Engineer: 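The structure that follows is given in the form of structure tokens.
Read the numbers this way: they start at 1 and go in the same order the structure lists the ligands and their atoms. None of the values given here were measured: they were computed from a predicted structure.
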Amino acid sequence: MIWLILLVTILILFYIYTFRSFKYWETRNVYYEKPVPIFGNFYDVAIRKRHMGDVLKEIHLKLDDNVPYFGVYIFHAPNLVVRTKEMIKEVLIKNFTSFPNRMDYTNEVVDPLSSYDLFSMKEDLWKFTRTKLSPAFSSGKIKMMGPLMKEVTDQLENLLESSNGQEVDVRDLAKRYLVDIISTCAFGINAESLKDQNSQIKVMANQMLDQRGFVRSFAVFAWFFCPLLVDIFRLPFVEKESSDFLVDVFLSSYKERKKLNIKRNDFIDLLHEVIGKKDQNDLIVFDEIKMSAQAMAFFNAGTDTTSILLTLCLYEMAMNLHIQEKLRNEIRDSIDPTGSISYETLLSMEYLDLVTKETLRKYPFLQLLQRYCVKDHTFETGLTIKKGQRVLIPTLALHHDPKYYPNPEEFNPERIRGDRIKDLQYVFLPFGEGPRKCIGEKFGLISFKLGLSMILKNFEVLPGPQTEIPLKFEKAAFFTTPESAEIMLTIRRVD
Ligand code: HEM
Ligand SMILES: *[C@@H]1O[C@H](CO)[C@@H](O)[C@H](O)[C@H]1NC(C)=O
């Protein structure tokens, strides 16, 4: 009984508190939409009816071009949403020192792994780690991973041969391809999930990032939006059993390699180099936990992002057969006689790049970017944002704004041909922008382009009897995710 009274009292106090907080934007003359008690503008998101990206998109598309920003309340907290190129540049690049962090929050005790990955680290520690890790993601390093990737694409080709003429789940296919690519490049092991559908690593990878379950999606939601809940419920960002398993795999591979002194030009080699180069100014020592955290971040950030991109691109190819054919012609004209595709070739294909960008535009994996303000900042427009508040950049809304992308629902690679992409710099943000943009962009793009080219060079993807048209998306997931676990397309050899 006493608990009930306590709970009711807290709710009432919070209710009054939010009521007061909800004056914030009004007094500053910033456009906002009427918040509901307790939840602010977050009610639909909290009850898992809509995605936050979608809420921002609706407001953004309603507003006039000359409105540079608007406000939203996430529960009681005012968040500023900036929507002009100038302001986005200010936050992400020009005044980065005022906005150096994301707010994603982790509990170091419950979840040391996520607390030490690049995604969650803050300020100096982040900068130190980012500088140390950057060489691992350079073009030179990725190019050297070519032979490792070739082993995987050979297995991909085998699988395609054996699927000829059948309807296949391309979401599963793409996931297996990426799990194998990332396992070999980050963990130094062959996961063989393309060979064996029930490969343990793949099963664990699915379990780790699955957001369909309530607890998992709640944890991710809290991680981004409501730090307090992470502490109260002691929520880890990644699921524990599977992440423990993968850390084990990584560490035993690392130790084995150190013992045998083998070099393979993968991420393990690089981590080893980083640790070897000790400096007395180092902010942290990369012990086993901190090393594993980086490997896990690579695995987490690399598999779903890139495999969903590949899945959605294959889907669009099946829906737009003339685009698919044009792309296949380019691939066939570019590959060398042995049928393999070099790093340089992948970069040289122009239409492939347009198709890639258009997929990233239509389906940005992260539907919004966020930055946390660490010191009061007055924008050039005159508006001041306070330390501790958060700025959101509505990626999905910008990518679907007809002002920049006429007829935004249409899949049209030509829209960003040539110089046009330059004009779109701050309104095309699939990888973010500025010092904190995605560190794995080059790696993700290369593994995506390689997989897509290997599939399309000899095979076509077509809608089949089980293909879902139009595709539906998961409403509650934080990331852009198809609702259906299986995306079925027919795969057929073309000569
Ligand atoms: C198509 C694939 C990918 C997409 C669409 C993507 C997207 C993003 C986005 C939007 C961000 C936030 C950037 C910002 O806040 O400005 C990000 C950050 C990050 N991504 Fe990716 N990513 C992809 C692949 C990868 C891969 C393969 C890795 C491998 C390591 C990776 C590692 C990271 C890390 C570590 C961060 C945090 C960077 C930092 O805070 O310094 N991503 N990614
Ligand atoms: C933002 O950055 C610009 C250029 O770096 C600088 O001149 C300006 O003072 C900064 N503004 C604030 C409020 O820090």
Engineer: Can you tell me if A297 contacts ligand 1 (heavy atom of the residue under 4.0 Å from the ligand)?
Structural biologist: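 Under 4.0 Å: no for A297.
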Engineer: Looking at every heavy atom in both I323 and P413, which two are closest together, and how far apart are they?
Structural biologist: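 Nearest heavy atoms, I323 then P413: CD1-CD, 3.6 Å.
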Engineer: Quick one: which ligand 1 atoms are inside 4.0 Å of a heavy atom on L369?
Structural biologist: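 So the atoms of ligand 1 that pass are 14 (C), 15 (O), 16 (O).
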Engineer: How close does the nearest protein non-hydrogen atom get to atom 28 (C) of ligand 1, and which residue and atom is it?
Structural biologist: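 That would be G440 CA, 3.6 Å.
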Engineer: What is the minimum heavy-atom distance between F299 and S183, and which atoms define it?
Structural biologist: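 Scanning both residues, the minimum pair turns out to be CE1-OG, 3.8 Å.
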Engineer: When you compare the side chains of H399 and Y363, does any donor N or O come within less than 3.5 Å of an acceptor on the partner?
Structural biologist: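 No pair is found: no donor N or O on one side chain lies under 3.5 Å from an acceptor on the other.
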Engineer: Can you check whether R371 has an N/O within less than 3.5 Å of an N/O in ligand 1?
Structural biologist: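 By distance alone, the answer is yes.
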Engineer: How about E468 and L471: do any of their side-chain heavy atoms sit closer than 4.5 Å?
Structural biologist: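 Heavy-atom side-chain distance check passes, below 4.5 Å.
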Engineer: Of all heavy-atom pairs between L368 and G53, which one has the smallest distance, and what is that distance?
Structural biologist: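 Heavy atoms only, the tightest pair is CD2-N, 3.9 Å.
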Engineer: Does E90 approach ligand 2 within less than 4.0 angstrom via side chain, backbone, both or neither, non-hydrogen atoms only?
Structural biologist: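 None of E90 does.
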Engineer: So which bit of T97 gets within less than 4.0 Å of ligand 2, heavy atoms only: side chain, backbone, both or neither?
Structural biologist: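 Looking at T97 and ligand 2, no heavy atom falls under 4.0 Å.
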Engineer: Looking only at distances, can you tell me whether any N or O atom of R102, backbone or side chain, sits closer than 3.5 Å to an N or O atom of ligand 1?
Structural biologist: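 In this structure, R102 places an N or O atom under 3.5 Å from an N or O of ligand 1.
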Engineer: Which bit of Q370 gets closer than 4.0 Å to ligand 1, counting heavy atoms only: side chain, backbone, both or neither?
Structural biologist: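 Contact part for Q370 vs ligand 1: neither.
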Engineer: Is it the side chain (CB and beyond), the backbone, both or neither of L309 that lies under 4.0 Å from ligand 1, heavy atoms counted?
Structural biologist: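 Answer for L309: side chain.
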Engineer: Report yes or no: does F448 have a heavy atom closer than 4.0 Å to ligand 1?
Structural biologist: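 It does not; every heavy atom stays at 4.0 Å or beyond.
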Engineer: State whether F70 and R83 meet the cation-pi test: NZ (Lys) or CZ (Arg) under 6.0 Å from the six-membered ring centroid, and within 45° of the perpendicular axis.
Structural biologist: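 That pair does not qualify as a cation-pi contact.
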Engineer: Mark up the atoms of ligand 1 that fall under 4.0 Å of a heavy atom belonging to R130, in ascending order.
Structural biologist: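 That gives atoms 38 (C), 39 (C), 41 (O) of ligand 1.
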Engineer: Going by the closest heavy atom to atom 24 (C) of ligand 1, which one wins out of L366, I181, T305?
Structural biologist: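 Result: the heavy atom closest to atom 24 (C) of ligand 1 is in T305.
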